[in-house]
Amino acid sequence: MKRIFGIALAAVIGLSCGPASGQDFVLGPLKVAKGDMRSGMLPVPERDGIGTSIPVTVINGANRGPVLALVAGVHGYEYPPILASYRLKTAVNPKTLSGTVIIVHIANLPSFQKRTVYYNPSDGKNLNRVFPGDPQGTLSQRIAHVLTKEVVDRCDVLVDMHCGDGNEALIPYSYWMLSDDKALDARTHDLALAFGLRHIIIDGTRTKDPADSKYLGNTALLRGKAAITTEAGLLGRIDEESIVRNVEGALSVLRHLRMLTGRPLAPADPVWIDKYEVVNSATDGLFTAKAGMGDMVTEGQIVGVVEDYAGDVREEVRAPFAGILLYIIGTPPTSKGEPLFEVGRIKK
Ligand SMILES: [Zn+2]
């Protein structure tokens, strides 16, 4: 990927510093002195005998600065962000860090343990649809509640790090989610560039209701925090390129926020996407792709077909408009209402 230096840093100057920066930072059972790093488990309380915990690391910088949350594993089969999150423990030195980094290594541990795509095996819910969560709810809702209270409410900036799920062939891209606050949008615009992925979706589709924010990144945004969602990696793979892309993206964000010295990286030729649509399957069956991730498709083009369990074609699935295939299902199973592919229209 071609990159150039030079994101304007002016937009980060307005960042507030977290109240605990420059002092002990307490997160669940972890008490982390400034200039130190600690890893541990954030408990998610049991209900009906079912609970879990969330592996986290706090890197509390010796110098004052913002609180950045890097969250991986909201979907437990999305490995490159998870593996990158562990590499960041050796890539960031608390002695030279300004501010505090909260790393959530595997937000959805039950999904990771059972190797499930999309859904938590305990309650069948997609964690990234149940924010801000509910302390009295099912396990996914309780995980979301802990993340909202302990991570979102504690940070100034949040990066929700995803990739193609275990069944999704995906090109790297970020969501720049728009808010009703132009100043916040300017900050998140620069944050999206700083993560370094070339394709960036300008996303005005997210709900504006803080009580039903659904997505982790949107939850942070609706609470006034700068937040982006990133996608880098695919198909349950652990390819080095995708892992490094996530590590570099996170480190570039740290430089952008002036938590580390050095210049952030940004794509030389960002591609802005001003409209996108996830096309879902109308029926259960077997999906066969007729186009590949990153392909340019025309309006009405057949992107894939769904066959029923007898092997008969039930549906020819077409592109709703011309654009780039951001991801497409790369394995046969498809279920009614679940995603088949996502098309993005490139901004002119
Ligand atoms: Zn995901």
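Order of listing sets the numbers, starting from 1, for every ligand and every atom in it.
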Between Asp134 (side chain only) and Gln141 (backbone N and O only), is there a donor and an acceptor less than 3.5 Å apart? no

Residue pairs passing the salt bridge (charged side-chain N to carboxylate O under 4.0 Å, His left out) test with at least one member in residues 203-224, sequence neighbours excluded, are Asp153-Arg223, Asp203-Arg206, Asp212-Lys214

May I have the step-by-step check of side-chain hydrogen bond (donor to acceptor under 3.5 Å, both in side chains) for Thr230 and Tyr173, ending in yes or no? CA-CA 6 Å; Thr230 61; Tyr173 62 92; over 6 Å; no

Regarding Thr116 and Ser111, is there a side-chain donor-to-acceptor distance under 3.5 Å anywhere? yes

What protein atoms of element N, O or S are positioned under 2.8 Å from the Zn ion (ligand 1)? His75 ND1, Glu78 OE1, Glu78 OE2, His162 ND1

Before you tell me yes or no, could you show the steps for Lys275 and Glu277 under salt bridge (charged side-chain N to carboxylate O under 4.0 Å, His left out), namely the whole-Å CA-CA distance, both residues' side-chain angles and the distance that decides it to 0.1 Å? CA-CA 7 Å; Lys275 177 182 175 184; Glu277 183 171 330; 5.9 Å; no

Between Tyr77 and Phe112, is the ring centre distance below 6.0 Å? no

